[in-house]
Amino acid sequence: MLFRNSIKLLMENFKGVYKILLYKFIVSLIAGALFAAMILPELIEIVNSVETQALWLDIQAMFKAFFAANGSALEMAKASIFGLDGTLNGVVKLILSKMTAIVLTAIGCVAVYLLKRFTETLCYFAVGSSLNDRMSAYAETPFIASYVQNLGKASRYALVYVPSVFLLDAVTISLSLLVLTNLNIFPALFLSVTLIVVMQATKLTFTGLWMPSMTADNKPLKQSFAYDKTERKQLPKIFSTYVVTVYGVIILNVIAAVCTFGSALLITVPASYMLFICVQYVNYYTIKGKKYFITYDKIASNPDRGDREHFFDYITQTEETSEKQEIENKE
């Protein structure tokens with residue numbers, strides 16, 4: 001029932017999706033300009049160099065010889081490219097001569113990426129705080145007000161969250177590449193996708209309560225890291241919920257990309273982030289036994305928060321009771 005309530009909250013607060021979309025668009029535009037400013041000068045210099053132009057001419061000659069079925073010309077082109085003094089070797093030497101600049105550019109790109117993730121996390125924190133106000137008191141908090149009000153807490157949260165997630169994502173990508181390079185294509189794709197889903201679900205399981213605890217209960221960042229006995233007991237079920245959510249998000253975005261030639265990603269990508277925020281808060285409210293607004297006329301509560309066998313069952317009971325009361329009122 002956790003996932004269903006999260007979907008309902010997403011639909012009820014869908015305008016948060018457009019706020020995330022606009023914010024991410026502005027941040028991505030600025031980050032893209034910084035990436036271009038760092039990468040393009042070195043890249044243009046390498047592409048326009050004598051060595052690269054010579055390699056390009058040899059590659060063109062090789063393809064012409066191949067399609068013309070000219071064996072001798074093809075061998076000459078190969079030797080010109082791959083020989084000891086070939087043009088490919090010249091390009092490699094050019095790149096090695098610029099290795100210091102390339103390394104510095106790579107470090108700069110990583111720094112810009114982390115800064116981009118940091119600023120985006122500030123947005124998610126503000127959206128999460130607004131969602132918390134909606135769930136706790138059905139209050140309407142403007143995004144700007146929430147952003148400014150929570151800037152200090154959000155910055156502390158982002159300073160810990162972003163590097164932690166970056167390291168975990170780096171490990172995930174490294175393991176996936178290791179799988180892809182050592183197995184046949186179909187088992188490699190199966191295992192790599194499974195690995196990505198499991199790692200993302202693990203990340204969300206152990207970090208998903210940080211932001212809700214800081215906004216809903218005003219806990220300091222350090223206290224948000226510590227899970228009590230009740231929270232630890234629910235970790236397996238939280239993990240399974242995140243696995244389903246991650247798979248659902250992947251399927252939704254793949255279908256959107258294929259069926260609309262990428263156009264629907266403008267909505268599905270920010271909606272995916274909003275869904276994860278909703279899951280985090282529904283999760284936290286459920287574990288803590290807090291009542292919360294699903295819609296204006298539906299309030300969820302959790303009398304069985306410590307019972308592993310009845311975790312989330314209360315939501316169904318609450319909705320069934322509400323439906324019965326509505327029928328009786330109509331009669």
Side-chain angles (χ1 to χ4, degrees), residues 5-35 111-166 204 207-224 249 253 264-285 288 290-296 298-299:
N5 275 12
S6 300
I7 293 293
K8 289 181 179 180
L9 276 175
L10 172 64
M11 295 296 103
E12 184 75 7
N13 301 275
F14 201 80
K15 57 186 176 181
V17 172
Y18 300 110
K19 295 173 184 177
I20 294 174
L21 174 62
L22 179 60
Y23 188 95
K24 286 179 68 69
F25 175 77
I26 295 172
V27 171
S28 298
L29 198 64
I30 296 172
L34 292 174
F35 283 131
V112 171
Y113 173 77
L114 291 174
L115 183 61
K116 176 178 178 291
R117 291 291 299 270
F118 178 87
T119 52
E120 288 176 343
T121 303
L122 299 181
C123 168
Y124 304 147
F125 199 96
V127 171
S129 180
S130 298
L131 180 65
N132 173 67
D133 294 339
R134 190 78 163 179
M135 293 172 67
S136 61
Y138 210 76
E140 187 74 29
T141 305
F143 173 78
I144 297 297
S146 179
Y147 189 93
V148 174
Q149 180 182 357
N150 293 283
L151 190 57
K153 288 194 295 185
S155 298
R156 291 192 294 273
Y157 168 76
L159 283 173
V160 176
Y161 177 80
V162 171
S164 303
V165 170
F166 176 76
L204 290 165
T207 65
L209 301 181
W210 296 358
M211 182 167 63
S213 65
M214 294 179 69
T215 54
D217 287 333
N218 292 317
K219 289 184 179 180
L221 182 59
K222 289 184 179 180
Q223 291 184 15
S224 301
V249 165
N253 284 283
L265 292 177
L266 291 172
I267 299 299
T268 59
V269 170
S272 300
Y273 285 101
M274 186 68 186
L275 175 60
F276 282 124
I277 294 172
C278 291
V279 172
Q280 290 178 23
Y281 277 87
V282 171
N283 222 342
Y284 185 79
Y285 270 70
K288 293 298 183 182
K290 293 175 176 287
K291 294 182 179 181
Y292 63 92
F293 284 91
I294 300 175
T295 61
Y296 177 76
K298 287 186 178 181
I299 300 176

Test item: [X] side-chain N/O and [Y] main-chain N/O as donor-acceptor pair under 3.5 Å:
{"X": "Asn253", "Y": "Val249", "answer": "yes"}
{"X": "Thr215", "Y": "Ser129", "answer": "no"}
{"X": "Ser155", "Y": "Leu151", "answer": "yes"}
{"X": "Lys19", "Y": "Val127", "answer": "no"}
{"X": "Tyr23", "Y": "Tyr18", "answer": "no"}

Quick one: [atom1] on [X] to [atom2] on [Y], what's the gap to the nearest 0.5 Å?
{"X": "Leu114", "Y": "Phe118", "atom1": "CG", "atom2": "CZ", "value": "11.0 Å"}
{"X": "Phe125", "Y": "Met211", "atom1": "CZ", "atom2": "CE", "value": "7.0 Å"}
{"X": "Ile30", "Y": "Leu115", "atom1": "CD1", "atom2": "CG", "value": "9.5 Å"}
{"X": "Gln149", "Y": "Ser130", "atom1": "CD", "atom2": "OG", "value": "9.0 Å"}
{"X": "Leu21", "Y": "Leu265", "atom1": "CG", "atom2": "CG", "value": "11.0 Å"}
{"X": "Leu22", "Y": "Phe25", "atom1": "CG", "atom2": "CZ", "value": "8.5 Å"}

Considering all heavy atoms of both residues, which atom of [X] and which atom of [Y] are nearest to each other, and what is their separation?
{"X": "Tyr284", "Y": "Ala216", "result": "CE2-CB, 3.9 Å"}
{"X": "Val17", "Y": "Pro270", "result": "O-CB, 3.6 Å"}
{"X": "Met214", "Y": "Lys153", "result": "O-NZ, 3.1 Å"}
{"X": "Ser146", "Y": "Thr141", "result": "CB-CG2, 4.0 Å"}
{"X": "Gln280", "Y": "Leu209", "result": "O-CD2, 4.5 Å"}

Quick one: do Lys116 and Glu120 make a salt bridge, cutoff under 4.0 Å?
-> yes
Does one side chain, of [X] or [Y], offer a donor that lies under 3.5 Å from an acceptor on the other?
{"X": "Tyr292", "Y": "Tyr281", "result": "no"}
{"X": "Glu12", "Y": "Tyr138", "result": "yes"}
{"X": "Ser213", "Y": "Ser224", "result": "yes"}
{"X": "Asn132", "Y": "Tyr285", "result": "yes"}

Contact between [X] and [Y] at the side-chain level, heavy atoms closer than 4.5 Å - yes or no?
{"X": "Asn13", "Y": "Met274", "value": "yes"}
{"X": "Tyr161", "Y": "Leu221", "value": "no"}
{"X": "Asn283", "Y": "Pro212", "value": "no"}
{"X": "Tyr113", "Y": "Phe35", "value": "yes"}

- Task: Just say parallel, tilted or perpendicular for the rings of Tyr157 and Trp210, cut-offs at 30° and 60°.
- Result: perpendicular
May I have the step-by-step check of side chain to side chain contact (heavy atoms under 4.5 Å, CB included) for Arg117 and Phe166, ending in yes or no?
CA-CA 9 Å; Arg117 291 291 299 270; Phe166 176 76; 5.9 Å; no
Practice prompt. Find out whether the Lys NZ or Arg CZ of Lys24 is both under 6.0 angstrom from the six-membered ring centre of Tyr273 and within 45° of the ring's axis.
Written response: yes
| Test side chain to side chain contact (heavy atoms under 4.5 Å, CB included) applied to Ile20 and Val269, step by step | CA-CA 9 Å; Ile20 294 174; Val269 170; over 6 Å; no
Could you go through the side chain to side chain contact (heavy atoms under 4.5 Å, CB included) check for Asp217 and Gln223 one step at a time? CA-CA 11 Å; Asp217 287 333; Gln223 291 184 15; over 6 Å; no
Before you tell me yes or no, could you show the steps for Phe293 and Arg134 under side chain to side chain contact (heavy atoms under 4.5 Å, CB included), namely the whole-Å CA-CA distance, both residues' side-chain angles and the distance that decides it to 0.1 Å? CA-CA 7 Å; Phe293 284 91; Arg134 190 78 163 179; over 6 Å; no
